[in-house]
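Note sheet for the following structure.
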There are 2 protein chains.
Amino acid sequence: MTVSINLKRIVDDSYSIQIGPLPEINFEGKVAVLTNPKVAGLHLHTLLSRISAKEVYVITIPDGEHYKTLETIEFILDRMFDHRLNRKSLLVAFGGGVIGDMGGFSASLYNRGIDFIQIPTTLLSQVDASVGGKTGINNRYGKNLIGAFHQPRAVYIDPSFLKTLPSREFGAGVAEIVKMAVTFNAPFFEWLELHDLREGDNLLVAIKKAVETKAAVVEEDEKEQGLRAALNYGHTFGHVIENETKYETYLHGESVAIGMVMANELACECGLMERSEAERVKALLERYELPLSYPITDIEKFYQAFFLDKKSADSAITFILPRGIGGVEITDKIEADTVKKILTMFKGAGA
Amino acid sequence: MTVSINLKRIVDDSYSIQIGPLPEINFEGKVAVLTNPKVAGLHLHTLLSRISAKEVYVITIPDGEHYKTLETIEFILDRMFDHRLNRKSLLVAFGGGVIGDMGGFSASLYNRGIDFIQIPTTLLSQVDASVGGKTGINNRYGKNLIGAFHQPRAVYIDPSFLKTLPSREFGAGVAEIVKMAVTFNAPFFEWLELHDLREGDNLLVAIKKAVETKAAVVEEDEKEQGLRAALNYGHTFGHVIENETKYETYLHGESVAIGMVMANELACECGLMERSEAERVKALLERYELPLSYPITDIEKFYQAFFLDKKSADSAITFILPRGIGGVEITDKIEADTVKKILTMFKGAGA
């Protein structure tokens, strides 16, 4: 005896990303702003002056990847319940990638999903985390291993928030911009080689190009069944580095920069990339003072850590390798020995 | 400057519910079975003899609503990571409603979502929790307030698992069957009045009718924007009772039975239901030895607790009231005084 449940339907999670001065936010219901103490001190007055709603609550959580845990999610949800938010309430995630990931995740869980808006305040979150609806947390097994796909209703990118951004965090954001260009957009990469993002309107143009590049990928493959995995270029290595250094030594974008250098070495070894192309990527990253190397202490341990990365299937590790500049190859056919040969190049290397 | 993210697409989460002897489960990847010690002791050998997969792991969690927490979810996810499940792995939720809700929720969170199959072993979970994709946990603010919509790939309902079910749990399942009939299916209600579910094949027929009734509602309104809320008939009151008694005094279905009696009184008061119809519902519930009353100690406290129920909007409480037998009305227009008058009828009432 069989009963069929027919759940084929059209879902529309479209939204728009506005780049420019923060617009007015008018909302009929309750609004909870999620932020951290630092961003709040610098920019909360600006945000609050733009919000008009029935009731507004501000929830702050400590800054840093260390706090991107299920425990913090429970804390956020408890505050939302304290103030009796309901299904028609709105969460505004106001901060960097950690705030965006945890705000989106909390919104997805609260009453099985409420609306949220993202207002990213770091370059990295503006160009990367703001597009695509990936939300989640870390655990002791790795980064972003637990989470949900939950699309924001809108994203507001106001570059004026970046004026207070420390230069290391600026560089970390540039790393994700470079990532997008190398894998999907050769003309953008060439443009980046010719333009300094610290000058004039170049940054605004780069943000738009990066967001458009990522948007095209996410539209094609929202749930990362195929192409979207290519956005993890640099991340397969980067996640292991972040985990080994307990998220203390490098910013996310910095570990991605090192990860891209490692991936490029592997791509060169496999004949997918010319040495000269790998050098061009290195030169671009170096211009923004990004780290390009990481001293691996234990090759076998580093290699085994790949298997915990959620992009890896049962027994093979999936690598995202550039196919020259502007192309990309997702492959799980790289021999362990080849990978370990590349890792050995970084053994004890200076940072 | 605006970048549009176009995420309009066709999503197909259709699945089928098979009612009858448990079929073979053949799976290429890793399988994690989530169950509790009691169900495992009684039926795990049957399930394991039907599964053929690359690797099979069994995760047990303690039985009971008390353990339906974020902490237990973290425990489940940790065990899944221990065994390196990946995006192509499968979770099998094998047990009652608590196992189903937590298994589905864990599957929705692991790597941002993996497949799961439900094999409900109680009558209540077979007729109710197995249809609709609602997953989640409780917290100190109430029931199922945190969670996700995550549809199973398949549901297998094998009534032979019910042979070991205590009679109180059987009754609790019947309460949800009655719920479906009262609100959506008058002929089914009349059939229930004429057939004892403890005799012959009547139970099999009733499970099918209940599942079909719920399926029709979920197909129309998967995310509970409207009609689906009617499935909460009896739950608005029931949740408060469960919360007040700390999930210790009543089984879920038992508190729903009391909740239906309360909702019916309110419906009679509002002229939506005849006294004789309310009596017929009572008589049917009584036949399965379900509790029909609850001694409210503090009317005001009981009333205020409604506001934490996630179905309630900002300032109004949403009630699900039968419109006779086979009809339903979702309303947030009931005056506080009217509700409190009904609650007073139960003040200090014997259970």
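Hydrogens, waters and symmetry mates play no part in the numbers below; they use all other heavy atoms, side chains included. Each chain gets a letter, A, B and so on, in the order its sequence line appears, and its residues count up from 1.
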Geometric class of the B:Phe188/B:Trp191 ring pair [parallel <30°, tilted 30-60°, perpendicular >60°]: tilted
Engaged part of B:Ala215 at the chain A interface, taking heavy atoms whose separation is under 4.5 Å: both
Proximity breakdown for A:Leu204 and chain B, heavy-atom pairs closer than 4.5 Å: both
Side-chain H-bond candidate by donor/acceptor type, A:Gln126 with A:Asp158, under 3.5 Å: no
Most contacts with chain B, counted as non-hydrogen pairs under 4.5 angstrom, among A:Leu70, A:Val218, A:Ile73: A:Leu70
Chain B contact via A:Leu77 - which portion, at a heavy-atom distance below 4.5 Å: side chain
NZ or CZ of B:Arg79 within 45° of B:Phe75 ring axis and under 6.0 Å: yes
A:Leu91 CG to A:Ile76 CD1 distance, which is reported to the nearest 0.5 Å: 8.0 Å
Heavy-atom pair count under 4.5 Å with chain B, highest-scoring of A:Phe105, A:Tyr110, A:Phe149: A:Phe149
Interchain contact, B:Glu219 with chain A, by part (heavy-atom threshold 4.5 Å): both
Contact leader toward chain B among A:Leu109, A:Ile5, A:Thr2, where contacts are heavy-atom pairs under 4.5 Å: A:Ile5
Under 4.5 Å from any heavy atom of chain B - which part of A:Tyr15: both
Donor-acceptor contact present, side-chain A:Lys30 to main-chain A:His83, <3.5 Å: yes
Proximal component of A:Val131, with respect to chain B [non-hydrogen, under 4.5 Å]: side chain
Nearest heavy-atom neighbours spanning B:Asn138 and B:Asn144: OD1-N, 2.9 Å
A:Arg228/A:Glu220 ion pair, N-O < 4.0 Å: no
Minimum side-chain heavy-atom gap A:Asp101-A:Lys68 below 4.5 Å: yes
Side chain, backbone, both or neither of A:Ser106 within contact of chain B (heavy atoms, under 4.5 Å): neither
Value rounded to 0.5 Å, distance of CZ in B:Phe306 from OG1 in B:Thr318: 11.5 Å
Most chain B-contacting option - heavy-atom pairs closer than 4.5 Å, from A:Val11, A:Val211, A:Ile157: A:Val11
Atom group of A:Asp13 that falls short of 4.5 Å from chain B, counting heavy atoms: both
Which portion of B:Asn6 sits near chain A, non-hydrogen atoms under 4.5 angstrom: both
Residue selection (most heavy-atom pairs with chain B, distance under 4.5 Å) from A:Glu212, A:Glu222, A:His150: A:Glu222
Qualifying residue for side-chain contact (heavy atoms from CB on, under 4.5 Å) with B:Tyr156, from B:Ile19, B:Ile119, B:Ile17: B:Ile119
A:Asp82 and A:Tyr57: side chain donor to acceptor below 3.5 Å: no
A:Glu74 portion near chain B, given a 4.5 angstrom heavy-atom threshold: both
Contact origin within B:Glu71 toward chain A - heavy atom pairs under 4.5 Å: neither
Options A:Ile137, A:Asn139, A:Val155, A:Leu85, ranked by heavy-atom pairs under 4.5 Å with chain B, top entry: A:Asn139
Pick from B:Gln18, B:Gln151, B:Arg9, B:Lys208 with the largest number of heavy-atom pairs that fall under 4.5 Å of chain A: B:Arg9
